[in-house]
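One structure is given below, encoded as structure tokens.
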There are 2 protein chains.
Amino acid sequence: MSCGQNQAMTTSPADKPVGLRERKKARTRAAIQDHALRLFTEQGYAATTVEQIAEAAEVSQSTFFRYFPTKEDTVLYDRLDPVLIEHFLNQPADVGPVAAIRAAVHEVFRGLDEEQAELEAARQRLVLSVPDLRAKLFEQFTEGMRMLHDAILRRLGRERDDFAVRMWTGALTGVVLAAYVTSIEEGGDFLEYIDRGLTQFEQGLPL
Amino acid sequence: MSCGQNQAMTTSPADKPVGLRERKKARTRAAIQDHALRLFTEQGYAATTVEQIAEAAEVSQSTFFRYFPTKEDTVLYDRLDPVLIEHFLNQPADVGPVAAIRAAVHEVFRGLDEEQAELEAARQRLVLSVPDLRAKLFEQFTEGMRMLHDAILRRLGRERDDFAVRMWTGALTGVVLAAYVTSIEEGGDFLEYIDRGLTQFEQGLPL
DNA sequence: AGAAAAAACGACAGCTACTATCAAAAGATA
DNA sequence: TATCTTTTGATAGTAGCTGTCGTTTTTTCT
């Protein structure tokens with residue numbers, strides 16, 4: 001019923017402090033997020049109040065804001081970015097950076113089951129259609145750019161503030177963002193657009 | 001005293017309906033924006049209320065929101081993007097797209113006097129330091145990406161939905177954004193970073 | 001098991017960005 | 001001057017978000 005939350009890996013790998021408290025917290029978080037997304041798609045983002053979400057999830061407003069600092073975060077709380085970076089860093093050292101990114105993206109998105117993929121698609125559509133959410137999403141992208149920048153630096157053994165790497169990372173982020181927007185506007189598989197975009201990038205972005 | 005508002009060119013070029021009403025509107029808009037920016041830099045963005053800005057500009061809150069739909073827009077109301085596009089389109093047809101962009105950026109930013117440049121710099125610093133403003137700025141960048149996409153299509157005579165152009169534009173926007181962020185973080189001339197970024201882009205983004 | 005400590009919760013009050021409405025004031029027009 | 005339109009201000013209201021505090025629930029210690 002509830003969508004799978006991958007929260008367990010936030011703690012250290014050795015101990016498993018999955019006490020009753022942790023389980024209830026995870027359930028509450030998932031309930032809030034699920035009901036929020038359902039209400040948003042049913043009656044629109046702006047027309048849905050935090051009070052309604054809290055009521056549907058059977059928590060108080062105080063509790064809502066303890067779990068999600070803003071209403072927007074019920075949609076944009078990003079679980080995927082750190083996972084992507086992790087997969088990227090785990091790629092073998094001899095593959096090029098673009099190939100490593102391609103592999104990481106594939107590994108993460110192919111790992112979603114159909115229900116998760118469906119939910120993710122709905123979420124993406126919602127995000128791009130609501131201005132406030134769009135704005136925050138774009139900021140997330142640039143935060144991702146920064147993380148990617150650090151990862152690339154480490155991978156290539158470059159020193160900090162390498163301007164060429166900065167521009168390279170910026171361009172690649174722009175490509176991914178453009179592919180993302182295109183996939184929403186044109187419809188179709190997100191992964192395919194990313195793939196084509198990365199190929200263009202590898203070929204030097206011919207016009 | 002008041003910073004130069006280039007509002008006049010929004011009307012059709014033939015008539016000049018610069019009546020008393022129009023002049024007062026321009027003055028009010030400038031007053032709100034100036035006092036807002038001053039208060040933001042003096043006491044911080046979040047700590048400054050709309051009420052304070054309205055009081056400083058000697059207008060009611062109603063009037064404030066008639067001029068600026070949101071508090072953020074006092075900082076982010078962008079007058080430069082359409083000007084940039086216009087200059088880009090006015091470049092001679094035989095220069096390449098990157099060179100045309102470079103020329104347009106130079107023309108626009110070199111056209112600012114020292115006071116305007118100083119104000120613009122303060123504005124840029126403020127924008128990147130406040131999360132809410134950052135988010136909206138990034139959205140503006142992608143709107144700029146869309147406008148640039150259309151302009152490039154027209155310039156190259158391509159048909160709509162050319163994937164290669166989309167990726168090219170996305171990458172270029174990413175480069176400009178990265179150069180922008182770098183110029184804020186590292187300090188130094190904004191134009192110089194843009195120039196170097198565009199050069200990197202022209203050279204195929206070597207690592 | 002029982003007590004103490006810690007964490008989570010709900011209720012309430014308050015601030016502020018933002019919207020809607022409507023009457024008064026100011027500018028344009030004749 | 002008189003009329004018509006645009007702009008403005010006052011007021012009331014909604015909703016996101018914060019802070020506080022007493023209560024309940026869960027964990028930990030003995």
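Numbered from 1 within each chain, the chains take letters A, B, ... in sequence-line order.
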(message) Would B/Y193 and B/Y180 count as a ring pair (Phe, Tyr, Trp, His ring centres under 6.0 Å) here? Give the steps.
(response) CA-CA 7 Å; B/Y193 283 104; B/Y180 178 80; over 10 Å; no
Does [N] have OP1 or OP2 under 4.0 Å away from a side-chain N or O of [X]?
X: B/Y67; N: D/dT8; result: yes
X: B/K24; N: C/dA26; result: no
X: A/T63; N: C/dG10; result: yes

(message) How close do B/L128 and B/V181 get, counting heavy atoms only, and between which atoms?
(response)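 Looks like CD1-CA, 4.1 Å.
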(request) Name the nucleic acid region contacted by A/F68, choosing base, sugar-phosphate or nothing; use a 4.0 angstrom heavy-atom cut-off, strictly under. (result)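 Touches nothing.
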(request) Could you check A/Q61 against B/Q61 and say which one's nearest nucleotide on DNA chain D is further toward the 5' end? (result) B/Q61
(message) I'd like to know if B/R23 reaches the base of C/dG27 with its side chain, counting only an N/O donor and acceptor under 3.5 Å.
(response)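 Per atom types, no contact qualifies.
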Taking only the side-chain heavy atoms of [X] (C-beta and beyond), determine which of [options] contains the nearest atom.
X: A/K25; options: C/dA8, D/dC17, C/dA17; result: C/dA8
X: A/S62; options: C/dG10, C/dG27, D/dA15; result: C/dG10
X: A/T28; options: D/dA15, C/dA28, C/dC9; result: C/dC9

(request) Measure from CD on A/E58 to P on C/dG10 and round the result to the nearest Å. (result) 10 Å
